[in-house]
Amino acid sequence: MEFVHTTHYTVTKLHGDCFGRCKPSSLLRFAQDAAGEHCLKLGTDWDSMAAKNYFWAVIRQKMEISRLPEVGETVTVKTWPMPTTRVSYPRATEGFDEAGNSLFKVISLWVIMDMQTRAMVLPGKSGIDVAG
């Protein structure tokens, strides 16, 4: 298992605002997509979770932006799980520019939800273990 997952995104016009800078919502999308790719490697992707009648839901995100990348720039995104709490699965994500400078940091809280009841399932009762 890779503890830290790394992926790369190129900022396109679709991700940019009218000034050619990446929108904060696109940075959050990069973070969520990278988390999804990492979950695939960890065996906790959508299909694996759906087989258990579960799905992931983000309940809170905190983002700190150092600099918004511009259209055409490549952003390297690194993400990793943090230690599981009693109720959630925290995840850290950081984005870097081509020179290795930090662009943004995101801490997100994920929970497991039951597909049928839409009720949150506590980590201790879910059987899902994500080492942080």
Side-chain angles (χ1 to χ4, degrees):
M1 171 190 84
E2 284 185 50
F3 183 68
V4 177
H5 175 71
T6 303
T7 189
H8 306 279
Y9 298 95
T10 300
V11 179
T12 66
K13 288 182 181 181
L14 183 66
H15 303 120
D17 62 14
C18 62
F19 302 107
R21 295 178 305 217
C22 189
K23 297 180 281 192
S25 60
S26 294
L27 297 178
L28 287 171
R29 179 62 185 233
F30 295 163
Q32 186 171 335
D33 285 349
E37 290 175 12
H38 196 206
C39 283
L40 188 60
K41 291 181 178 180
L42 297 174
T44 57
D45 57 301
W46 173 260
D47 292 333
S48 301
M49 296 293 281
K52 297 176 183 175
N53 205 35
Y54 295 149
F55 67 93
W56 289 109
V58 179
I59 60 169
R60 181 168 291 166
Q61 293 180 317
K62 181 177 180 178
M63 181 168 59
E64 179 182 298
I65 300 172
S66 302
R67 181 179 72 81
L68 290 171
E70 296 180 10
V71 171
E73 280 190 69
T74 299
V75 177
T76 300
V77 177
K78 294 185 179 190
T79 186
W80 60 94
M82 296 169 67
T84 302
T85 68
R86 190 178 75 75
V87 296
S88 68
Y89 296 82
R91 176 171 282 277
T93 305
E94 189 166 5
F96 302 91
D97 64 14
E98 294 152 349
N101 300 313
S102 179
L103 295 170
F104 67 92
K105 296 177 184 177
V106 178
I107 299 291
S108 52
L109 296 180
W110 297 70
V111 295
I112 294 176
M113 302 289 289
D114 184 284
M115 283 187 167
Q116 302 304 316
T117 64
R118 298 291 197 238
M120 187 174 78
V121 180
L122 294 174
K125 296 183 179 185
S126 69
I128 306 294
D129 182 38
V130 179

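Note that this is a predicted model, so its numbers are computed, not measured. Just so you know, these numbers use all the heavy atoms, side chains as well, and skip hydrogens, waters and symmetry mates.
- Looking at heavy atoms from C-beta onward, P69 lies in side-chain contact with L27 at the 4.5 angstrom threshold.
- Side chains of T6 and T76 form a contact here, defined as non-hydrogen atoms less than 4.5 Å apart.
- With rounding to the nearest 0.5 angstrom, the CG atom of D114 is 13.0 Å from the NZ atom of K125.
- Applying the ring-ring contact (aromatic ring centres under 6.0 Å, His included) criterion to Y54, with sequence neighbours excluded, gives no partner residue.
- No donor-acceptor distance shorter than 3.5 angstrom exists from the side chain of Y89 to the backbone of I112, with no hydrogens or angles considered.
- Side-chain N or O atoms of W56 include one that pairs as donor or acceptor with a backbone N or O of T44 at under 3.5 Å.
- Proximity of H38 to F3: side-chain heavy atoms (C-beta onward) are nowhere separated by under 4.5 Å.
- When atom types are taken as modelled, the side chain of E94 and the backbone of K78 share no donor-acceptor pair closer than 3.5 angstrom.
- In the displayed structure, R60 atom CZ is contacted under 6.0 Å by at most 12 heavy atoms of other residues, nucleotides or ligands.
- Two residues are said to be in side-chain contact when any heavy atoms from C-beta on lie closer than 4.5 Å; R67 and N101 fail this criterion.
- Put simply, the side chain of K52 reaches to within 4.5 Å of the side chain of I128, judged on heavy atoms.
- Shown here are the ring-ring contact (aromatic ring centres under 6.0 Å, His included) partners of F104, two or more places apart in sequence or in another chain: there are none.
- One finds the CG atom of L103 at 8.5 Å from the CG atom of L68 (value rounded to the nearest 0.5 Å).
- Two residues are said to be in side-chain contact when any heavy atoms from C-beta on lie closer than 4.5 Å; R86 and L122 meet this criterion.
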*Let me see the working for I107 and M82 under side chain to side chain contact (heavy atoms under 4.5 Å, CB included), right down to the final yes or no.*
CA-CA 9 Å; I107 299 291; M82 296 169 67; 3.8 Å; yes
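- If you look at F30 and H15, their ring centroids are closer than 6.0 Å.
- The shortest side-chain heavy-atom distance between L109 and V58 does not fall under the 4.5 Å cut-off.
- Here the side chain of T79 pairs a donor or acceptor atom with the backbone of A92 at under 3.5 angstrom.
- For the atom pair M113 CE and T117 OG1, the distance stands at 7.5 Å (nearest 0.5 Å).
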